[in-house]
Amino acid sequence: MTIRPIVRYPDPRLALPAQPVTVFDGALRDLASDLLETMHAAPGIGITAPHIGIPLRLVVLDLDATEGARTYVNPEIIWASSEMILHQEGSVSMPGVNDEISRYARVRISYQDVHGNLQTEESDGLRAVCHQHEIDQLNGLFWIRRLSRLRRERLIKRFEKMSRS
């Protein structure tokens with residue numbers, strides 16, 4: 001396992017849609033392990049391959065010490081509740097800043113595991129927020145694009161100031 005360098009905002013690679021994973025091999029499992037190691041070092045609770053400059057639809061989440069980390073390959077939202085929730089979000093690519101984002105309270109996703117087996121998962125609360133946040137990233141939608149222009153500009157200024165000091 002290797003800790004990889006994280007792509008920092010405003011790197012244009014963060015705005016590119018990731019490509020579907022088509023090969024399920026040892027290299028994919030190694031990449032998932034590297035993502036987990038990189039995420040823990042950041043520290044963070046979720047990371048995508050694009051966060052380390054690899055344009056593949058691969059997500060690793062580690063939200064619960066008892067359940068452990070989970071890997072999602074080619075995840076897609078297939079259902080979302082009508083109920084919304086507000087949740088503080090941030091990114092390993094923009095450390096030190098966060099803001100409240102409105103998300104669906106519950107979602108169902110389809111994905112593949114690292115062996116290519118098709119899975120579905122329904123989630124709520126933090127896990128549902130993370131599913132939506134990371135799938136947005138895979139689609140080239142960096143989380144701050146969900147903020148109003150004013151809030152986004154303030155947050156970018158704060159991040160730039162923090163990055164300089």
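Every heavy atom of this structure was used, including side-chain atoms; hydrogens, water molecules and symmetry mates were not.
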Are [X] and [Y] ion-paired here, with the side-chain N under 4.0 Å from a carboxylate O?
X    : Y    : result
E89  : R146 : no
D136 : R103 : yes
E67  : R127 : yes
E153 : K157 : no

(request) Check the pair T120, I78 against side-chain contact (heavy atoms from CB on, under 4.5 Å), reporting the backbone distance first and the verdict last. (result) CA-CA 9 Å; T120 60; I78 56 174; 4.3 Å; yes
(request) Run the numbers on Y72 and E121 for side chain to side chain donor-acceptor pair (under 3.5 Å), then give the verdict. (result) CA-CA 10 Å; Y72 303 89; E121 181 178 322; 3.1 Å; yes
Would a hydrophobic clustering, with Ile, Leu, Val, Met, Phe, Trp and Tyr connected at side-chain separations under 4.5 Å, put [X] with [Y]?
X    : Y    : result
I109 : V129 : no
L126 : W143 : no
M84  : V107 : yes

For [X] against [Y], the heavy-atom pair lying closest together:
X    : Y    : result
I77  : I135 : CG1-CD1, 3.8 Å
L35  : A49  : CD1-N, 3.9 Å
G44  : A42  : N-CB, 4.0 Å
R106 : A128 : CA-CB, 4.3 Å
V60  : A32  : CG2-O, 3.8 Å
S91  : F142 : OG-CE1, 3.6 Å

(message) What verdict does the side-chain contact (heavy atoms from CB on, under 4.5 Å) test give for L138 and V59, after you've listed the backbone C-alpha separation in whole Å, the side-chain angles of each residue and the deciding distance to 0.1 Å?
(response) CA-CA 8 Å; L138 295 178; V59 174; 3.6 Å; yes
Heavy-atom side-chain contact between [X] and [Y] under 4.5 Å:
X    : Y    : result
H51  : L14  : yes
F24  : V114 : no
L155 : M94  : yes
D62  : I45  : no
L31  : I52  : yes
N139 : R57  : yes
L58  : L28  : yes

(message) Tell me every residue that passes salt bridge (Lys or Arg N to Asp or Glu O under 4.0 Å) with E122, counting only those two or more places apart in sequence or in another chain.
(response) R108
(message) Within this structure, what is the CG-OG distance for the pair L61 and S123, rounded to the nearest 0.5 Å?
(response) 9.0 Å
(message) I need the R70 CZ to D113 CG distance, nearest 0.5 Å.
(response) 12.5 Å
Could you list the donor-acceptor pairs under 3.5 angstrom formed by side chains in residues 4-11, with sequence neighbours left out?
{"unit_1": "R4", "atom_1": "NE", "unit_2": "D34", "atom_2": "OD2", "d": "2.9"}
{"unit_1": "R4", "atom_1": "NH2", "unit_2": "D34", "atom_2": "OD2", "d": "2.9"}
{"unit_1": "R8", "atom_1": "NH1", "unit_2": "V92", "atom_2": "O", "d": "2.6"}
{"unit_1": "D11", "atom_1": "OD1", "unit_2": "R13", "atom_2": "N", "d": "2.8"}
{"unit_1": "D11", "atom_1": "OD1", "unit_2": "R13", "atom_2": "NE", "d": "3.0"}
{"unit_1": "D11", "atom_1": "OD2", "unit_2": "R13", "atom_2": "NE", "d": "3.4"}
{"unit_1": "D11", "atom_1": "OD2", "unit_2": "R13", "atom_2": "NH2", "d": "2.8"}

(request) Could you point out which residue of I101, I156, D99, I144 forms a side chain to side chain contact (heavy atoms under 4.5 Å, CB included) with R151? (result) D99
Tell me if a side-chain donor or acceptor on [X] pairs with a main-chain N or O of [Y] at a distance below 3.5 Å.
X    : Y    : value
R152 : L147 : yes
D64  : G68  : no
Q137 : P50  : no
H40  : E37  : no

(message) As a quick check of understanding, evaluate side-chain contact (heavy atoms from CB on, under 4.5 Å) for M162 and V97, giving each step before the final call.
(response) CA-CA 9 Å; M162 287 171 53; V97 295; 3.8 Å; yes
(request) Take Y111 and N74, measure what side-chain contact (heavy atoms from CB on, under 4.5 Å) needs, and give me the verdict at the end. (result) CA-CA 5 Å; Y111 67 97; N74 301 323; over 6 Å; no
(message) Checking one residue: W79. Which other hydrophobic residues are in its cluster under the side-chain 4.5 Å linking rule?
(response) none
(request) Check whether more than 12 heavy atoms from other residues, nucleotides or ligands sit under 6.0 Å from atom CZ of R29, and answer yes or no. (result) yes
